[in-house]
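Here is the structure we will look at, set down as structure tokens.
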Amino acid sequence: MKRLIVGLIFLMNQPDHQHWMKIALEEANQAALQNEVPVGAVLVLDHQEISRGHNMPLQRHDPTAHAEIVVLRKAASALENYRLPGLSLYVTLEPCLMCAGAIMNSRISNVYFGAYDAKTGVAGSVMNAFENQQLNHHCSIEGGILAEECATVLKDFFKIKRLAKE
């Protein structure tokens with residue numbers, strides 16, 4: 001009985017990666033509806049949503065308005081702190097170099113992403129900026145969470161774009 005209780009406590013304290021990635025996917029779908037590249041993100045602290053958002057560079061006329069930057073800005077404003085230690089970021093696509101820098105500067109603790117990005121991903125695809133020991137902050141990285149669903153949203157979006165050009 002004691003092992004069962006310890007096991008239940010362990011499970012209760014585990015993050016529900018799929019749950020949070022599904023919320024990030026909802027945001028990615030919102031981006032697609034706005035004709036933005038469908039990437040979504042959510043920031044979580046102690047199993048509570050702090051902020052969510054999606055890509056908005058076209059809408060905001062801002063090359064830095066990637067989903068990760070959008071949620072970092074919202075969280076920093078909500079928590080009234082530019083440092084965000086203890087937070088976990090869920091994002092549907094592997095972060096680019098710009099976003100990796102913002103993630104590290106904000107002191108995010110964990111990054112969980114869905115699809116890998118062979119062209120611009122810096123959490124292991126093109127390089128791994130998060131493992132660079134010369135940098136002063138490191139966070140844990142885990143990729144491939146609902147990877148197929150996250151990749152499908154992107155593939156479908158670009159397929160529609162290509163068909164529209166024909």
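One is the number of the first residue; the rest follow in order along the sequence.
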Legend entry - His137 to Ile108 - nearest heavy-atom pair and separation: NE2-O, 2.9 Å

Inset, instruction - Answer with yes or no whether the hydrophobic clustering places Phe158 together with Leu93; edges join I, L, V, M, F, W, Y residues whose side-chain heavy atoms lie under 4.5 Å apart. - result: yes

Legend entry - Pairs touching residues 146-159 that satisfy salt bridge (Lys or Arg N to Asp or Glu O under 4.0 Å), sequence neighbours left out: none

Inset, instruction - List for me each residue that meets side chain to side chain contact (heavy atoms under 4.5 Å, CB included) alongside Leu45, sequence neighbours excluded, and say none if there are none. - result: Ile50, Leu87

Legend entry - Hydrophobic cluster identity match, Leu58 and Val70, side-chain contacts under 4.5 Å: no

Inset, instruction - Please examine the side chains of Val71 and Val42, heavy atoms only from C-beta on, and report whether any two atoms are closer than 4.5 Å. - result: no

Inset, instruction - Answer whether the closest heavy-atom distance between the side chains of Asn35 and Lys161 falls below 4.5 Å. - result: yes

Inset, instruction - Applying side chain to side chain contact (heavy atoms under 4.5 Å, CB included), run through Arg52 and Ile23 and close with a yes or a no. - result: CA-CA 8 Å; Arg52 65 167 69 187; Ile23 291 172; 3.4 Å; yes

Inset, instruction - Please name all residues satisfying side chain to side chain contact (heavy atoms under 4.5 Å, CB included) with Ala100, sequence neighbours left out, ordered by chain then number. - result: Met104, Val122, Ala129, Phe130

Legend entry - Distance (rounded to the nearest 0.5 Å) between Arg60 CZ and Asn55 CG: 10.5 Å

Inset, instruction - Search all heavy atoms of Pro57 against all heavy atoms of Pro63 and return the closest pair with its distance. - result: CB-CA, 4.4 Å

Legend entry - Linked, directly or transitively: Tyr112 and Leu146 (ILVMFWY side chains, under 4.5 Å): yes

Inset, instruction - Calculate, to the nearest 0.5 Å, the distance between atoms CG and CH2 belonging to Leu43 and Trp20 respectively. - result: 10.5 Å

Legend entry - Minimum-distance pair of heavy atoms, taken over all atoms of Leu72 and Ala102: CD1-CB, 3.7 Å

Inset, instruction - Evaluate whether atom NZ of Lys22 has more than 12 neighbouring non-hydrogen atoms of other residues, nucleotides or ligands under 6.0 angstrom away. - result: no

Inset, instruction - Answer yes if the side chains of Gln34 and His54 hold a donor-acceptor pair under 3.5 Å, and no otherwise. - result: yes

Inset, instruction - With rounding to the nearest 0.5 Å, note down the distance linking CE in Met56 to NE2 in His61. - result: 11.0 Å

Inset, instruction - Any chance you could measure Ile141, atom CD1, to Glu131, atom CD, to the nearest 0.5 Å? - result: 8.5 Å

Legend entry - Heavy-atom closest contact (Asn110 atom, Cys139 atom, distance): N-CB, 4.2 Å

Inset, instruction - Work out which heavy atom in Phe157 is nearest to a heavy atom in Val37; give both atom names and the distance. - result: CE2-CA, 3.9 Å

Legend entry - Results of ring-ring contact (aromatic ring centres under 6.0 Å, His included) for Tyr116 - residues two or more places apart only: Phe113

Legend entry - All side chain to side chain contact (heavy atoms under 4.5 Å, CB included) counterparts of Arg73, not counting sequence neighbours: Asp62, Thr64, Ile69

Inset, instruction - Would you please say whether a donor-acceptor pair under 3.5 Å links the side chains of Ser125 and Asp117? - result: no

Legend entry - Qualifying residues under salt bridge (charged side-chain N to carboxylate O under 4.0 Å, His left out), relative to Glu142, sequence neighbours excluded: none

Inset, instruction - Write down the atom of His19, the atom of Asp16, and the distance for their closest heavy-atom approach. - result: CB-OD2, 3.0 Å

Inset, instruction - Kindly assign one of parallel, tilted or perpendicular to the pair His17 and Tyr90, based on the angle between their ring planes and the thresholds 30° and 60°. - result: tilted

Inset, instruction - List the steps and the verdict of side chain to side chain contact (heavy atoms under 4.5 Å, CB included) for His66 and Val39. - result: CA-CA 8 Å; His66 289 194; Val39 177; over 6 Å; no

Inset, instruction - State the CE-CD1 distance between Met98 and Ile103, to the nearest 0.5 angstrom. - result: 10.0 Å

Legend entry - Rounded distance [0.5 Å steps], OG in Ser106 versus CD in Glu68: 11.0 Å

